[in-house]
J.: 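Here it is: the structure, laid out below.
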Amino acid sequence: MIDLLAPDEPHPVRILRPDGGSDLLLAADHAGQLIPRALGTLGIDEAERGRHIAWDIGIAGVTEQLAELLDATAILQVYSRLVIDCNRTPTHPTSIPPISELTKIPGNTGLGDAERDARRRAIFDPYHAALAGLIDRRVASGRRIVLVAMHSFTPVFKAVARRVEVGVLFHHETPLSRIMLELLRAEGDLAVGANEPYEITDDSDYTVLVHGEARGLEHVEIEIRQDLIADSAGQAAWARRMARLLGEANERLRTL
Ligand SMILES: [Zn+2]
């Protein structure tokens with residue numbers, strides 16, 4: 001068995017405020033763009049490695065500040081989703097995508113089972129084990145848990161511009177998804193999408209289905225358009241807004 005990550009390379013998982021007092025637990029599957037040294041550049045140039053195909057631009061900054069503002073625990077995954085997508089079942093064809101949007105990823109073509117397995121063991125498994133562990137500890141201590149999956153999406157996909165600025169994604173509607181849609185729409189200055197720019201399906205998602213729905217936890221997936229959070233001012237503004245709205249949503253949930 002080969003180890004994909006050398007001992008001096010970053011661990012895939014960052015946990016912020018592990019003892020955070022908030023009910024909310026933030027998870028950002030696509031928060032980084034690192035590629036393990038052993039994989040080189042995956043055969044794509046630097047510009048492609050900085051694009052949305054590699055990671056959720058801006059979401060790490062929003063999630064870090066949101067964790068501070070809410071005193072919430074946050075878990076972030078720091079390797080590029082082109083290495084392995086932590087929001088896909090590892091057996092799904094897009095788990096290690098040979099093509100993403102319109103870009104071919106040479107380093108992801110023709111992989112054998114051992115290579116796929118090495119990526120899973122190095123990144124996917126430790127990330128999801130860490131998230132499951134955070135949830136287990138809270139369940140054991142009888143604490144409420146509200147799982148919030150944090151993502152960002154590209155303003156232009158396959159040459160089509162997206163109007164929606166923030167999306168609330170759900171598989172089956174949850175009380176939290178309903179409340180967040182209501183609160184975001186009440187802001188008055190936002191183009192809000194319900195299950196836009198995409199829907200959650202058993203095929204296309206993993207984190208909220210496995211850690212939220214399957215465990216019977218309140219959960220929601222938030223998608224923010226990347227041009228709004230590309231710089232630090234945008235990230236700070238969205239963190240403040242989401243802290244206010246998620247805090248309010250959690251208060252409403254508690255009194256349901
Ligand atoms: Zn994402």
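What you see is a predicted model, and the numbers here were worked out from it, not measured in a lab. Just follow the structure's listing: the first ligand is 1, and inside any ligand the first atom is 1.
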J.: So Tyr198 and Phe157, do their side chains get closer than 4.5 Å, heavy atoms only?
T.: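 Heavy-atom side-chain distance check fails, nothing below 4.5 Å.
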J.: Could you check whether Thr73 and Arg138, counting side-chain N and O atoms only, form a donor-acceptor pair closer than 3.5 Å?
T.: yes
J.: Taking the six-membered ring for Trp, are His92 and Tyr206 ring centroids under 6.0 Å apart?
T.: no
J.: If you measure from the Lys or Arg side-chain nitrogens to the Asp or Glu carboxylate oxygens, is any gap between Asp45 and Arg51 under 4.0 Å?
T.: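 So Asp45 does not pair with Arg51 through a salt bridge.
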J.: His30: which N/O/S atom is nearest the Zn ion (ligand 1)?
T.: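 Result: ND1.
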J.: Return the name of the atom in His151, of element N, O or S, nearest to the Zn ion (ligand 1).
T.: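 Among the N, O or S atoms of His151, the one closest to the Zn ion (ligand 1) is ND1.
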J.: Can you tell me which N/O/S atom of Asp56 has the shortest distance to the Zn ion (ligand 1)?
T.: OD2
J.: So, Asp29 and the Zn ion (ligand 1): N/O/S under 2.8 Å, yes or no?
T.: no
